[in-house]
Structures are given as structure tokens and as C-alpha cells.
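I have placed the structure first, in the form of C-alpha cells, so that the comments after it can refer back to it.
Residue numbering restarts at 1 for every chain, and letters A, B, ... go by the order of the sequence lines.
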Number of protein chains: 2
Amino acid sequence: MAYRETEKMRQRKAAVRQKITDCTYRCVAEGGFRNAKVTRIARMADVATGTIYRHFDSKEDLFAEIFRRATQHEVNKVADALAPPGDARERLERALRRFAERALEGPVMAWSLIAEPVDPKVEKERLAYRKAYADLFEQAIREGIEEGCIPDQNTRQSSTCLVGAVSESLVGPLSPSQTGQITTDKTDNNPLVDTIIRFCIQGLTGTRR
Amino acid sequence: MAYRETEKMRQRKAAVRQKITDCTYRCVAEGGFRNAKVTRIARMADVATGTIYRHFDSKEDLFAEIFRRATQHEVNKVADALAPPGDARERLERALRRFAERALEGPVMAWSLIAEPVDPKVEKERLAYRKAYADLFEQAIREGIEEGCIPDQNTRQSSTCLVGAVSESLVGPLSPSQTGQITTDKTDNNPLVDTIIRFCIQGLTGTRR
DNA sequence: CAAAAGAATGAATCATGATTCATTAAACTT
DNA sequence: AAGTTTAATGAATCATGATTCATTCTTTTG
């Protein structure tokens, strides 16, 4: 017998793979999937282009993995914001705010996840992503209805309106090229976000705060 | 002297040009700008690919023209809906409904105009398009504020939220490939549209109808 | 260390589609 | 009808970028 994968090798391979995914993520965050050419990723990760194909069957597969990783992260953030105690309305407001702030911090990534055209395998991931958000918001709206602080309505459709209002307002206008035209101050008192949140909550509850 | 363009020729050229733009429009309506390859347009219009370059400097220019044509049409439709008498709230509701119905009738075109990534020259047209919508809605909101039927607010931002909520709800979910999964009944009593409109009006006015 | 196996390389190949341009056809003018 | 000018043609060329694969480098094992 002549060769068997050793632990050291396993780790080294994992490290390379990790570097590739990290660089892909960075490329996408910078300029969307359009911007993430295999050659560029390879250069950035300091490997040969062929190496990428040793770790992934195709660019599409690589992208799908990145997409999954990114969306899990985002959805978790929003889920976290929804978790703490409070009435449904408060919690929804918190979640929307988190969603909006995340989008403002990384508008290009947000746009890529929400709206950039992608290959079929990635589109499949996107469906799951949309569903995850819709489920989160829907659940909260439903709880609000039970609690009586939100009037009865089609929860799924409302949830979609929420995502639409926020994402279009924040990432739609400055979608592809023109980044950095929005004041991305880390502090969460961005008046734009406030306006959007108010619109959403009113759309949901039909009452002015 | 040897040659001077005659009326007949002028008309024939105009006809060819028209045929090219028509076919481009159809291609885009079917599958977005992605789908509108020069070769396909040429085949469809029954001209040689080179002929297209006799009428347009580049594909980008052709696209820009199509985009302009399409958006003028859409914006006019919405402006029409905004024109008839009524209080601002009624008129806004009518305009939003028109906007939504148009999007439902041609979801792919709507998506192309709103969200599909396009070349710089086309993106420039899109900015004008967005602005046209924003201006329309904004003006109506402002009138509503004066009339007292809409509370004071940032009219520009609210207007963006309107466009976002509607477009995401209608064309976002079924953006690229999967058309025809929505019940596109011509009758204007689509419950999905009703839900969205209600959400928007509430978001704007803060009152349940 | 030599043999064996896997990993990495990156130039070459393929695929897609826009654009060009030498050639042909058509339209005017006298 | 011959000469001149513009229009149309579509195969060839260019540009971009994904993918392959013969070759080279590393690791493992006896």
C-alpha cells in the first residue's frame, strides 16, 4: 500500500478550500456574482484556476455554497432580532431594522442575495432564502394577530411586502455599480431606516405609532 | 450629382428600424435583456446581424432605446391613472393598482425595467425611469398632505417604499425564469393586488381603510 | 531513497456572443 | 443603361471567461 490521506493533508486541503470560499465571498461582496470570475478568485486566493475545480465541480457549485453560507448568516441575524421578549409588533420592528441595517452595511451583497440574476443552482438556494425570511416574518405577524396588536390579514403576502419595501428602498436604487452613495453610518439612528420601518409597521398594523 | 435619399427609401429604412425595435421589445418581454441576443433579434426580424449595426451604434444603444420606449409607456399609464378627479388617496390607490396590474400582465418586462442588470447607458435610462415614478407618486403624496388626507412625511422615501413593496411582491418572487406561475387574470379583482395596495395605503396614511 | 498516489498548475481549449468589414444587392441620377 | 452611392449581408474576427488536462510538484509508504 502506498498512500493514504493523512490528517495534515486533510487540514491543508480544508484550508485551501476555505481560502477559496473566503475570496469568493469577498469578490461577491465587492461587486456581486458578476464580479467573481474564476480567474480573479484564483488570483486572490493565490492558487491556480485549476485548483478551484479540484475543490468544486463548477463555478455554479462554488457560488451555491457561498450563497448558502451568506444567507444562513443573514437569516440568523434576523431570527436573533426576532427572538427576545416583547410583543409581536416590537419584535417585528426590531427584525425589520436589523434586516435594513444589514442591507445598508453591505448593499452589494444584499443586492446579490435578493436580486442579482444567478444560475439555476444558486436560484434554488435563493428560493430557500426567500422562504426562510418569509417564514420568519410570517410567523411573527401571525403571533401579532393572535396577540391582537396586528389586524387579521394574509400573512404571507404582507411578509413579502415587508421584504420588498425594505430591499427596494435600500438596495434597489443603488443596485449594481453605484455603491457608496448612501451614508452608511454604523449608528442605528439612520433616518432613512426609520422612515422605512414606520411605513412597514403602518402597512402592517394600519395605525400610526 | 448621383444620389439623394428618397422618401420611399426613408420609409423603408424606418420600417426596418421599426421591425428591429419591435423584435427586440418582444425578446425582452419574453426573457429579459439577457435573452435579447443580436443574432436572435436579427433572425426574428428577418435581417442580417450587420443590418442591426447599420441602424444602431451598438447593442447597448438599441437596448437604451427599447428601455426608453417601454418606460415611457409604463409611466404614462400610471400618470393617466393619477390624473382623474378624486382626493389624493383615491388617485394614489388607482395609480398603484395600475402599476401593479401592469407588472402582473408583463412580469418579465417589469422585472427587466426594475431590476435586471443592464449596461451603463441603459442604467442611465433606468435612473430617469425611477425618477419619473418617484416624481409622480411624490407629487400625489404631497397633494394628499396638503389636502389633509395623508399625514406629513418624507415624500420621496415613501414613494420609494411604494414602488418597492409593489415590485418585489409582484415581480421579485418570480424574477428570472419561472414566469406564468401567477394567476394573471385580466379582471382587476386580483386579491394579491388588493392586499398589496392596502399595505401601501396603510403604510402611507397610517389608517385602515 | 524510490515508487506510487494525489494535488496543484496554468496554458490551451471551448463556448458564447458582440462587432466588423469585404462583398453583393438595391436605389437613385443623368 | 451605365455609373455612383447607399443598404444589406453574414462569415470571419474579437473579447470574455469557464473548463480541461498534460505536466510538474508534494506527500506518503515500504
Choosing from D:dT27, C:dT9, C:dA18, which nucleotide comes nearest the side chain of A:A48? C:dT9
Contact under 4.0 Å: A:K13 side-chain N or O vs C:dA7 OP1/OP2: yes
What is the distance, to the nearest angstrom, from the CZ atom on B:F33 to the C1' atom on C:dG17? 17 Å
Rounded to whole angstroms, how far apart are OH on A:Y53 and P on C:dA12? 18 Å
State whether A:H55 places a side-chain N or O below 4.0 Å from either non-bridging phosphate oxygen (OP1 or OP2) of C:dA8. yes
Phosphate oxygens OP1/OP2 of D:dT9: is one of them under 4.0 Å from a side-chain N or O of B:T51? yes
Got a salt bridge between A:E143 and A:R89, using NZ or NE/NH1/NH2 to carboxylate O under 4.0 Å? no
Choose from C:dA27, C:dT19, C:dA8 the nucleotide whose nearest atom is closest to any side-chain atom of A:R54. C:dA8
Ignoring the backbone of B:K59, work out which of D:dT27, C:dA18, D:dA18 is nearest its side chain. C:dA18
Which nucleotide in the list D:dT20, D:dA18, C:dA27 gets nearest to the side chain of A:T49? D:dT20
Nearest whole angstrom, please: distance from the P of C:dT29 to the CE of B:M9. 12 Å
How close or far is atom P of D:dT19 from atom CZ of A:F63, stated in whole angstroms? 9 Å
Can you figure out which of C:dT9, D:dG17, C:dT19 approaches the side chain of A:K37 most closely? D:dG17
How close or far is atom C1' of D:dT27 from atom NZ of A:K8, stated in whole angstroms? 7 Å
Measure from CD on A:Q11 to C1' on C:dA7 and round the result to the nearest Å. 17 Å
Tell me whether the side-chain N/O atoms of B:R12 come closer than 4.0 Å to OP1 or OP2 in C:dA27. yes
Please tell me whether B:Y133 and B:Y129 form a close aromatic pair, meaning their ring centres lie under 6.0 Å apart. yes
Can a donor-acceptor pair be found between the side chains of A:S159 and A:E138 at a distance below 3.5 Å? no
Roughly how many Å is it from CZ in A:R43 to P in C:dT9, rounded to a whole number? 14 Å
Whole Å only: how far is the CD1 atom of A:I41 from the C1' atom of D:dA18? 11 Å
With nearest nucleotides of DNA chain D determined for B:I52 and A:D57 from heavy-atom distances, which residue corresponds to the more 5′ nucleotide? B:I52
For the residue pair A:D22 / A:Q18, report whether a side-chain donor-acceptor contact shorter than 3.5 Å exists. yes
Quick test of your reading of the model: are B:K19 and B:D46 salt-bridged, counting only N-O distances below 4.0 Å? no
Please tell me which of B:G50 and B:E7 maps to the more 5' nucleotide of DNA chain C, matching each residue to the nucleotide holding its nearest heavy atom. B:G50
